[in-house]
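Both backbone and side-chain heavy atoms feed into the values below; hydrogens, waters and symmetry mates do not.
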Amino acid sequence: MSFLSRWCVFVHDISATKSTKKKLKKQQAYLVPYLITFSASGMGVWMLSYDTKRLVDCTDTFAEGLGYTREEVLKAPVENILTLFSPSVIERAEELSHKRKDLTYPYFEMRTKQGEKKIYRVATYAWSDSPWGKNVLVGISSDVTEQANMTQMTKERGQQLEAIFDTAPFAIYIASRDGRIRWCNDNACELFGLVDKQLTATTLNKLMEPTSYQQFEQDLKQALKLNELLDLDVSIKHHTKGIVPVRVMGRSVMHVGEQAVIYFAVDQSERLAKENELLSSNNEISQSKRSAT
């Protein structure tokens, strides 16, 4: 007999008052559609009693996902099957039931029979007056271990990149596609003459000379369309120095789940000053030679 069949038969056969039967029927009408839908989709369903501190029933899918049979799951101490990051599953379940009666979605850390850690996203429902007692938590689990691991890896790599970018000898900043600054290193703050909170509260169009920004916007759209590297000279607005010539390169990236652009920028003031000085010196030499002849 399937889990759903066992459960439904048990609910109908239980001896109770008319009031209790009415409550059970209402609970059954609410829960059965969820149980059928999620069981059919391969998600695991389990029921945990606060009173006995044990699982009172579960689907085969749930048990097999942890490397157990259903019978093994129901016989084992609950702390061997379910654990939470903090606090314990029982305390967390009771906390959820006191806060709200409808479905909630906590993340449970579970361990397989082999001791492997798995992460499940669980839809829970605090079921009062159930056939197994007054305090039962119904859980519908979906294994999200792979997604959780990928999220953690992405976070760690992001932290590593930020550490590298923070020590880079040039300005680096990340902006959304609409030009909002999302992140910057110390050199970017120095480039614009702003502190990081000021810089991340502004947009690219406010940081550039208007004519330069128009050209920048056109080139950026073209680079993003062709998935090419943006590379051009722009004129930015330094907070105290005024207009500053800058060489900017940009590339499309994903940043915190959104499409963005990472920019690498170098102040060209010193280079241009030296070039102008050299050009002026060459002109003076040429003028001297013409005068001598």
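Here Arg182 pairs with Glu258 under the salt bridge (Lys or Arg N to Asp or Glu O under 4.0 Å) rule; sequence neighbours left out. Not counting sequence neighbours, Asp186 has no partner by the side chain to side chain donor-acceptor pair (under 3.5 Å) test. Scanning for salt bridge (Lys or Arg N to Asp or Glu O under 4.0 Å) contacts around Lys118 gives Asp143, with sequence neighbours left out. Applying the salt bridge (Lys or Arg N to Asp or Glu O under 4.0 Å) test to Lys241 and every residue at least two apart in sequence or in another chain returns nothing. In terms of the salt bridge (Lys or Arg N to Asp or Glu O under 4.0 Å) criterion, residue partners of Asp233 (sequence neighbours excluded) are, by chain and number, Arg247.
Residue pairs meeting the salt bridge (charged side-chain N to carboxylate O under 4.0 Å, His left out) criterion with at least one member in residues 266-278, sequence neighbours excluded: Glu270-Lys274, Arg271-Glu275. The salt bridge (charged side-chain N to carboxylate O under 4.0 Å, His left out) contacts involving residues 168-179 comprise Asp178-Arg180, where partners must be two or more places apart or lie in separate chains. The salt bridge (charged side-chain N to carboxylate O under 4.0 Å, His left out) contacts involving residues 194-207 comprise nothing, where partners must be two or more places apart or lie in separate chains. Listed by first then second residue, pairs satisfying ring-ring contact (aromatic ring centres under 6.0 Å, His included) with a partner in residues 202-232 read Tyr213-Phe216, Phe216-Tyr263, not counting sequence neighbours. The side-chain hydrogen bond (donor to acceptor under 3.5 Å, both in side chains) pairs that include a residue from residues 219-229 are Gln215-Asp219, where partners are two or more places apart or lie in different chains. Within the structure, the ring-ring contact (aromatic ring centres under 6.0 Å, His included) test picks out no pair touching residues 234-253 (sequence neighbours left out).
Between the side chains of Trp183 and Thr200, not a single donor N or O lies within less than 3.5 Å of an accepting N or O.
The hydrophobic cluster around Ile243 extends to none of the other residues, as no ILVMFWY side-chain heavy atom falls under 4.5 Å of it.
Just one of Thr61, Thr59, Asp57, Asp60 meets the side-chain hydrogen bond (donor to acceptor under 3.5 Å, both in side chains) condition when paired with Arg70; it is Asp57.
For the atom pair CD1 (Ile236) and CG (Leu191), the distance works out to 3.5 Å, reported to the nearest 0.5 Å.
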